[in-house]
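Reviewing the structure listed below.
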Amino acid sequence: EAGVAQSPRYKIIEKRQSVAFWCNPISGHATLYWYQQILGQGPKLLIQFQNNGVVDDSQLPKDRFSAERLKGVDSTLKIQPAKLEDSAVYLCASSLSNTIYFGEGSWLTVV
Amino acid sequence: GENVEQHPSTLSVQEGDSAVIKCTYSDSASNYFPWYKQELGKRPQLIIDIRSNVGEKKDQRIAVTLNKTAKHFSLHITETQPEDSAVYFCAASIGQAGTALIFGKGTTLSVSS
């Protein structure tokens, strides 16, 4: 079974630039999540989708972060403009029930 | 807001010893408690989970216990091996649908041979 796919794996940008990350969940998984993992910390939920609707985006910094899940499958997470503190791994995950499966993550460095 | 506290932050054991990691959670509505293992540069991987209607669950050398009254749950690894060295995260379900997770800050386990 294919896992959660993410791209790009690594990205370095300057502050105030923009970046977009893409995620393809496990086939058939209706729920998709974006988590932010800062070095040395646990993953922090940014946004949760159920099909193409937002379930929870209370932790998403909406002044600079946006996410969409058109057609209820793939999702993109965008950051514009980026700040130094956005340097982190952005983990996409999907689930069918409670069990959440993570992708390998997109590593972002903002310089 | 909801919170999960995890202790200790680092744990060093000799190969063959047992390791115990403890977590407490704040949301009384949480009903699902997974544990993830994350090796350096890799994705978090689910190693065991427990639901609120169960007090203990075992899978070979790994066990998890849950005390809902005290809002505590713990991971027990017996007969540790060097390949158990990693960062371990506990998590608790949150949200209206109870399908998102809030994570602890992680425990770095080092097993020396």
Side-chain angles (χ1 to χ4, degrees), chain A residues 1-7 9-10 21 23-26 29-51 53-60 67 69 75 88-109, chain B residues 1-10 21 23-25 27 29-54 57 59 64 66 75 86-109:
Chain A
E1 178 183 272
V4 177
Q6 291 189 243
S7 68
R9 288 296 317 280
Y10 306 95
F21 302 114
C23 172
N24 178 247
I26 295 172
H29 283 195
T31 309
L32 184 148
Y33 313 81
W34 283 100
Y35 280 84
Q36 179 193 56
Q37 187 174 24
I38 293 172
L39 188 65
Q41 298 183 20
K44 171 190 162 187
L45 179 67
L46 292 176
I47 189 167
Q48 177 185 356
F49 293 95
Q50 179 77 17
N51 296 309
V54 175
V55 174
D56 183 353
D57 64 355
S58 58
Q59 298 295 308
L60 189 72
R69 191 184 184 196
S75 177
V89 180
Y90 291 87
L91 293 163
C92 181
S94 68
S95 71
L96 190 57
S97 57
N98 270 128
T99 305
I100 292 178
Y101 299 92
F102 286 91
E104 293 286 359
S106 292
W107 294 61
L108 174 66
T109 301
Chain B
E2 298 95 350
N3 186 43
V4 172
E5 293 193 1
Q6 183 172 347
H7 300 280
S9 57
T10 60
I21 303 170
C23 290
T24 60
Y25 62 97
D27 188 355
S30 295
N31 60 9
Y32 174 66
F33 307 91
W35 287 86
Y36 285 82
K37 175 183 180 181
Q38 188 174 33
E39 296 176 344
L40 192 62
K42 304 279 187 159
R43 74 182 81 189
Q45 292 202 304
L46 179 70
I47 56 171
I48 195 167
D49 57 12
I50 191 167
R51 300 183 188 275
S52 59
N53 57 346
V54 175
K57 183 177 178 181
D59 183 4
V64 58
L66 171 65
L75 177 71
V87 181
Y88 291 80
F89 293 98
C90 63
S93 59
I94 56 166
Q96 288 184 341
T99 53
L101 296 175
I102 183 169
F103 284 81
K105 291 188 175 181
T107 296
T108 302
L109 173 64

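First the proteins, then the strands, lettered A, B, ... as listed; each starts at 1. Every value quoted in this text rests on a predicted model; they were computed, and no experiment measured them.
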Item to check | Portion of A/Phe102 that has a non-hydrogen atom of chain B nearer than 4.5 angstrom | outcome: both
Checklist outcome for this item: Assert top hit (heavy-atom pairs under 4.5 Å, partner chain B, pool A/Ser95, A/Pro43, A/Gly42) equals A/Pro43
Checklist entry - For A/Ser58, what residues pass the side-chain hydrogen bond (donor to acceptor under 3.5 Å, both in side chains) criterion, not counting sequence neighbours? => result A/Asp56
Checklist entry - Does any heavy atom of chain B fall under 4.5 Å from the side chain of A/Gln37, the backbone, both, or neither of them? => result side chain
Checklist entry - Which bit of A/Ile100 comes within less than 4.5 Å of chain B, counting heavy atoms only: side chain, backbone, both or neither? => result both
Checklist entry - Which region of B/Pro34, side chain (C-beta onward) or backbone (N, CA, C, O), has a non-hydrogen atom less than 4.5 Å from a non-hydrogen atom of chain A, or is it both or neither? => result neither
Next on the checklist: Before you tell me yes or no, could you show the steps for B/Trp35 and B/Val64 under side-chain contact (heavy atoms from CB on, under 4.5 Å), namely the whole-Å CA-CA distance, both residues' side-chain angles and the distance that decides it to 0.1 Å?
Outcome noted: CA-CA 9 Å; B/Trp35 287 86; B/Val64 58; 3.3 Å; yes
Item to check | Residues in side-chain hydrogen bond (donor to acceptor under 3.5 Å, both in side chains) contact with A/Gln59, at least two apart in sequence or another chain | outcome: none
Checklist entry - Should A/Trp34 and A/Arg69 be marked as a side-chain contact (heavy atoms from CB on, under 4.5 Å) after you check the CA-CA gap, both sets of side-chain angles, and the distance that decides it? => result CA-CA 11 Å; A/Trp34 283 100; A/Arg69 191 184 184 196; over 6 Å; no
Next on the checklist: Quick check on A/Gln48 against chain B: is it the side chain, the backbone, both or neither that has a heavy atom closer than 4.5 Å?
Outcome noted: side chain
Checklist entry - Hey, what's the ring geometry for B/Phe103 with B/Phe89, parallel, tilted or perpendicular (30° and 60° as the breaks)? => result perpendicular
Checklist entry - Given a strict heavy-atom distance threshold of 4.5 Å, which part of B/Gln38 is in contact with chain A: side chain, backbone, both, or neither? => result side chain
Checklist entry - For the residue pair A/Tyr90 and A/Phe21, does the interplanar ring angle fall in the parallel (under 30°), tilted (30 to 60°) or perpendicular (over 60°) class? => result parallel
Checklist outcome for this item: From the list B/Ser93, B/Ser9, B/Pro44, B/Gly104, the residue making the most non-hydrogen contacts under 4.5 Å with chain A is B/Pro44
